[in-house]
Amino acid sequence: MQVSLTVNGRTQTAEIESRTLLVHYLREHLNLTGTHVGCETSYCGACTVLVDGKAIKSCTMLAVQTEGAAITTIEGLANGELHPVQQGFVERHGLQCGFCTPGMIMSAVALLDENDSPSEDEIRHGIEGNLCRCTGYHNIVKSIEYAAATMRGDDPPASDWEDES
Amino acid sequence: MFSRQFEYLAPTSLDDALSALASTPGAKIMSGGQSLIPLMKLRLFSPGTVVDIGRIDGLGDIVERDDHISIGALVRHNQTASDPLVAEHATALGQAAAWTGDHQVRNRGTTCGAMAHADIAADQPAAAIALGATMVARSSSGEREIPAQEFFVDALTSALSDDEILVELRVPTSTNGSTSAYDKLGRRGGHTDYAVAGVAVWVQVTDGSVSDARIGVTGVGTRPSLAEAAASALIGTDGNDEAITDAAALVTDGITVIEDLYGSVEYKTHLAKVFTERALRQALAG
């Protein structure tokens with residue numbers, strides 16, 4: 001089947017099988033391998049991308065369902081410099097192995113788009129659809145708090161290690 | 001994981017979808033795909049044709065009409081969870097929608113899809129039966145209304161015929177003194193994931209006493225069920241703590257509680273009582 005969509009601002013047209021999942025279309029047809037395939041059962045969220053601004057799991061959406069849609073992947077966030085959420089993950093050590101990171105960041109971008117001042121509780125609920133197996137949630141939450149502050153133009157909260165010094 | 005090959009149809013009108021369904025044996029309707037796609041990837045289910053209703057206009061709204069609010073076939077869980085009409089008239093459904101799946105799933109999955117899928121541990125079906133909702137099913141030969149409590153037949157089995165699409169869920173508008181609430185234990189703790197046990201309650205209070213009540217239980221049996229004995233026990237009381245405890249003690253009467261990976265019969269029976277009490281307290285406080 002033919003599908004036409006926009007990925008990170010570029011129009012794409014492809015001839016694909018109807019069973020092709022969005023995540024495989026992104027990774028294998030467009031070589032956008034930043035979006036990860038984790039559990040493949042809609043639990044882990046490593047494959048999270050934005051479809052028309054909403055976070056979805058690209059392992060649980062057919063590429064043909066995205067006809068006419070605008071997709072944003074992790075590769076589409078940086079614009080000359082890192083996106084504030086990406087920068088937050090750098091500044092607050094929001095990753096260990098990095099496997100869940102693209103999905104975590106896309107969920108965080110969607111969260112901050114709806115709520116620019118989330119509480120810690122709202123951040124934790126905002127990433128409920130993303131699993132980290134390094135148990136790095138603490139620093140992921142701190143990274144998102146950092147990003148929220150910088151996106152609002154505020155000073156980011158002090159890091160844990162600055163607190164201790 | 002890939003599903004087996006299938007033919008994908010994406011009609012842009014309901015009539016086209018209904019005729020595709022009528023003329024293609026074994027065709028399956030897809031709305032958000034959050035239950036269907038995982039089943040197809042695991043090859044537990046391999047329809048030859050998938051009819052995606054996602055491109056049909058006019059199915060994505062929640063509107064108030066006459067004596068009910070109408071939730072269209074393409075209304076996403078997140079939309080149900082945040083809609084002011086749902087919050088006012090169908091509090092239990094809004095809560096159940098907010099605790100369905102996770103953020104990403106709620107952005108794609110639909111309330112009507114969760115009904116049609118009829119998972120034994122889904123949240124929103126319990127709210128639908130407690131609220132006395134009606135399912136509107138359409139086929140190329142007409143439309144029929146199915147009371148929610150008759151809609152859920154068995155595990156993953158609804159009353160829909162092969163040629164029917166669930167086009168709308170209708171919830172009666174709340175009248176003076178009626179309130180509803182939903183509470184659950186999710187498989188991943190708190191409210192997250194499918195319900196190990198979930199209870200939706202609807203109560204009507206007239207002149208200080210409970211004049212009518214319905215209690216819908218999910219997760220514990222092979223389908224969401226009305227707990228009729230518990231509701232009867234509550235009616236006529238003033239809804240005090242003792243009346244709530246007495247009613248909740250009867251919540252699994254007439255329901256065959258099944259053991260599964262998430263709990264024993266004893267544990268699930270206990271949870272059903274606890275969440276009946278909590279949901280009733282919440283509804284009667286509101």
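Note that the structure is predicted; figures quoted are calculated from it, not measured. Below, each value reflects all heavy atoms present in this structure, side chains not excepted, and no hydrogens, waters or symmetry copies. Chain letters run A, B, ... following the sequence lines, proteins first, then strands; residues in each count from 1.
- Defined by atom type and a distance below 3.5 Å, a donor-acceptor pair is missing between the side-chain atoms of B:Y194 and B:D123.
- Of the possible donor and acceptor atoms, one in the side chain of A:K57 sits under 3.5 Å from a partner among the backbone N and O of A:G129.
- Only the side chain of A:E17 comes within less than 4.5 Å of a heavy atom of chain B; its backbone N, CA, C and O stay farther away.
- Within the 4.5 angstrom heavy-atom criterion, atoms from both the backbone and the side chain of A:L62 approach chain B.
- When each of A:M1, A:K54, A:E40 is checked for heavy-atom pairs under 4.5 Å with chain B, A:E40 comes out on top.
- Proximity to chain B (any heavy atom under 4.5 Å) is shown, for A:C47, by neither the backbone nor the side chain.
- Of the two parts of A:T60, the backbone and the side chain both hold a non-hydrogen atom closer than 4.5 Å to a non-hydrogen atom of chain B.
- At a 4.5 Å heavy-atom cutoff, the contact between A:H24 and chain B is made by side-chain atoms alone.
- In this structure, chain A has a heavy atom under 4.5 Å from the backbone of B:R4, while its side chain stays farther away.
- No donor-acceptor distance shorter than 3.5 angstrom exists from the side chain of A:D116 to the backbone of A:A148, with no hydrogens or angles considered.
- Only one option out of A:R92, A:M104, A:Q87 pairs with A:S143 in a side chain to side chain contact (heavy atoms under 4.5 Å, CB included); it is A:R92.
- Applying salt bridge (charged side-chain N to carboxylate O under 4.0 Å, His left out) to B:D193 and the options B:R187, B:K184, B:R188 leaves one that passes, B:R188.
- In this structure, chain A has no heavy atom under 4.5 Å from any part of B:M40.
- Panel note: side chain A:S119, backbone A:E122; a donor-acceptor pair is recorded below 3.5 Å.
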